[in-house]
Amino acid sequence: MNDNLHQLRCFGCGTRVPRGEAKPDFRCALCGDLFEVEYPGWSQRGGNDRPNAGALKWLWRERRCSNEALDRSGVWRFREMLPILNSFGNAVTLQEGNTPLYHLPRASKALGIDQLFAKHQGMNPTGSFKDTGMTSAMSIARERGFEWVACASTGNTSAAMAAYAARAGLRALVLIPEGKIAWGKLSQAMDYGAVTCQVKTDFDGCLKLLIQVVKEAHIYLLNSVNPYRLEGQKTPAFEIAEAFDWNVPDHLIVPGGNLANSSALGKGFREMKELGLVARVPRISVVQAEGANPLVRSFKNSNGAEIEPVEAHTRATAIRIGNPASWRKAARVIHDTGGWCLDATEAEIAIAKAELGAEGLGCEPASAVTLAGLKKLQARGAIQSGETVVLLLTGHTLKDADYTIDFHRGTLLTDEEKAGRELEIDGLRRNAQAVEATPSAVLATLKGSAG
Ligand code: F0G
């Protein structure tokens with residue numbers, strides 16, 4: 001048994017509910033805002049339930065050498081920070097997390113920022129950061145005896161949910177916007193056995209529809225409005241801190257869609273600071289696509305106090321979201337950590353993605369907004385060359401191969417989108433070439449691509 005000590009606290013009005021009693025849509029009955037998981041025992045200094053920072057650091061390192069299934073998960077390795085289950089035996093894991101932190105030598109040199117790294121969450125079992133949140137929330141679904149789980153998705157959540165449901169022996173219902181998600185992600189949901197509905201609406205419409213469905217049927221909602229998702233998604237913060245020997249980087253740059261991931265990472269760093277695991281937190285900045293930038297507009301118009309939904313358009317389909325559910329939480333993270341909220345154009349995203357590809361890493365277009373955002377922050381003087389910066393890459397490059405191929409073939413961007421950046425874009429393109437089956441023809445292509 002585990003010391004299950006958590007409760008849910010409304011982010012808006014502060015109302016607390018004992019752990020299991022949230023409504024099926026995870027909205028507060030009083031004010032309609034979202035919940036956060038909190039651990040009351042942690043606030044009592046010297047209390048029995050407050051984890052000891054030094055002992056935890058030692059324990060978590062030890063577990064890296066363990067062969068126990070829970071220890072091999074980069075989420076449950078830190079389980080003292082997410083005591084949400086009655087029994088850890090209910091954890092559903094695919095050995096998520098423990099993702100690599102890569103130095104970016106080319107971008108470092110180009111930008112003059114020596115300490116520039118990418119935390120590649122695309123290296124998770126289903127190829128995106130969603131696995132870290134799915135392991136925690138799916139475990140709750142199993143522990144509470146649900147048969148069905150469901151999500152609306154731009155693709156990655158559905159891929160992760162379908163996989164974890166299959167592992168847990170639960171049935172999965174997926175709502176996706178028809179024609180607006182990358183094939184790689186759709187193929188995953190199908191392969192892992194989800195009931196997949198392509199709905200004639202956008203992501204925001206799918207989520208709205210699903211909320212009506214879960215109010216009528218006994219189905220566990222696994223979108224990131226579910227606060228248990230964020231408990232798993234906060235764990236990359238622990239991995240990042242551990243990788244820097246508990247001296248956190250100066251900046252963390254995260255893509256923004258439904259805005260749960262930035263909220264979760266902010267919570268992870270905040271809790272580490274509260275427990276004395278780290279002395280400070282990084283500035284957390286959120287980057288959206290220019291065509292799907294409601295939080296950027298919110299910061300411009302009301303300093304993050306109010307939000308107007310937008311009709312979202314971007315080829316970075318993962319973050320094609322106009323009405324983000326967790327915007328209040330993300331706005332608080334940006335305020336509390338001294339970060340920024342900014343956006344990137346379609347050309348900036350495509351260029352940044354090709355540059356990350358040229359580092360030998362690659363990522364989804366939605367992840368590349370982080371490098372595009374870094375360039376802008378540096379140009380504004382918000383990030384100095386001596387500072388340490390971590391970009392959070394959220395999805396694997398193979399999730400959306402069509403985007404990459406279109407970029408390298410030169411068919412991705414319109415002339416208007418490319419305007420003024422044609423040379424830069426052409427310099428990054430590496431189209432496949434048709435070559436005769438002779439050595440001389442192959443060698444001739446080498447000469448043609450010298451330099
Ligand atoms: N990057 C990728 C690759 C994503 O799939 C998402 C969100 C984000 C960034 C943004 O994260 O929503 O927490 O701000 N994808 C969701 C999905 C919406 O359905 O897969 P966020």
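Each ligand, and each atom within it, is numbered from 1 in the order the structure gives.
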Show the atoms of ligand 1 that are less than 4.0 angstrom away from any heavy atom in [X].
X      : value
Gly256 : 14 (O)
Ile321 : 18 (C)
Ala260 : 13 (O), 14 (O), 21 (P)
Ser153 : 17 (C), 19 (O), 20 (O)
Glu364 : 3 (C)

**OP:** May I ask you to check whether Tyr228 and Tyr220 place their ring centres under 6.0 Å from each other?
**Re:** no
Original post:
Contact between Ser224 and ligand 1, counting heavy atoms under 4.0 Å?
Top reply: no
Original post:
Does Val254 come within less than 4.0 angstrom of ligand 1, counting non-hydrogen atoms of the residue?
Top reply: no
Is there a donor-acceptor contact under 3.5 Å linking the side chains of [X] and [Y]?
X      : Y      : answer
Lys180 : Thr154 : no
His251 : Ser285 : no
Glu96  : Tyr164 : yes

Which protein heavy atom lies closest to [atom], and at what distance to 0.1 Å?
atom                    : result
atom 6 (C) of ligand 1  : Phe129 CE2, 3.7 Å
atom 12 (O) of ligand 1 : Asn258 N, 2.7 Å
atom 3 (C) of ligand 1  : Asn156 ND2, 3.1 Å
atom 2 (C) of ligand 1  : Thr394 OG1, 3.4 Å
atom 20 (O) of ligand 1 : Thr157 N, 2.8 Å
atom 8 (C) of ligand 1  : Ile319 CG2, 3.6 Å
atom 13 (O) of ligand 1 : Asn261 N, 2.8 Å
atom 7 (C) of ligand 1  : Lys130 NZ, 3.1 Å

Original post:
Which of the listed options, Asn223, Ile181, Leu259, holds the heavy atom that is closest to atom 21 (P) of ligand 1?
Top reply: Leu259
Original post:
What pair of heavy atoms forms the shortest contact from Ser158 to Ile176, and how long is it?
Top reply: OG-CG2, 4.1 Å
**OP:** Kindly confirm or rule out an N or O of Gln233 lying under 3.5 angstrom from an N or O of ligand 1.
**Re:** no
Subject >> Polar proximity ligand 1 side, Gly257 side, N/O cut 3.5 Å exclusive >> reply: yes
Subject >> Proximity of Ala366 to ligand 1 by residue part, where a heavy atom lies under 4.0 Å >> reply: side chain
Original post:
Is the CH2 atom of Trp183 crowded by more than 12 outside heavy atoms at less than 6.0 Å?
Top reply: no
Looking at [Y] and [X], is there a salt bridge between them, counting it only when a charged N and a carboxylate O are closer than 4.0 Å?
X      : Y      : result
Glu348 : Lys376 : yes
Arg297 : Glu308 : no
Glu359 : Arg106 : no

**OP:** Applying salt bridge (Lys or Arg N to Asp or Glu O under 4.0 Å) between Glu36 and each of Lys267, Arg270, Arg16, report the one that passes.
**Re:** Arg270
Original post:
So, the side chain of Glu364 versus the backbone of Lys399: is there a donor-acceptor pair under 3.5 Å, distance only?
Top reply: no
Original post:
Of Asp71, Thr93, Thr235, Thr135, which is the lone residue that meets side-chain hydrogen bond (donor to acceptor under 3.5 Å, both in side chains) with Trp76?
Top reply: Thr135
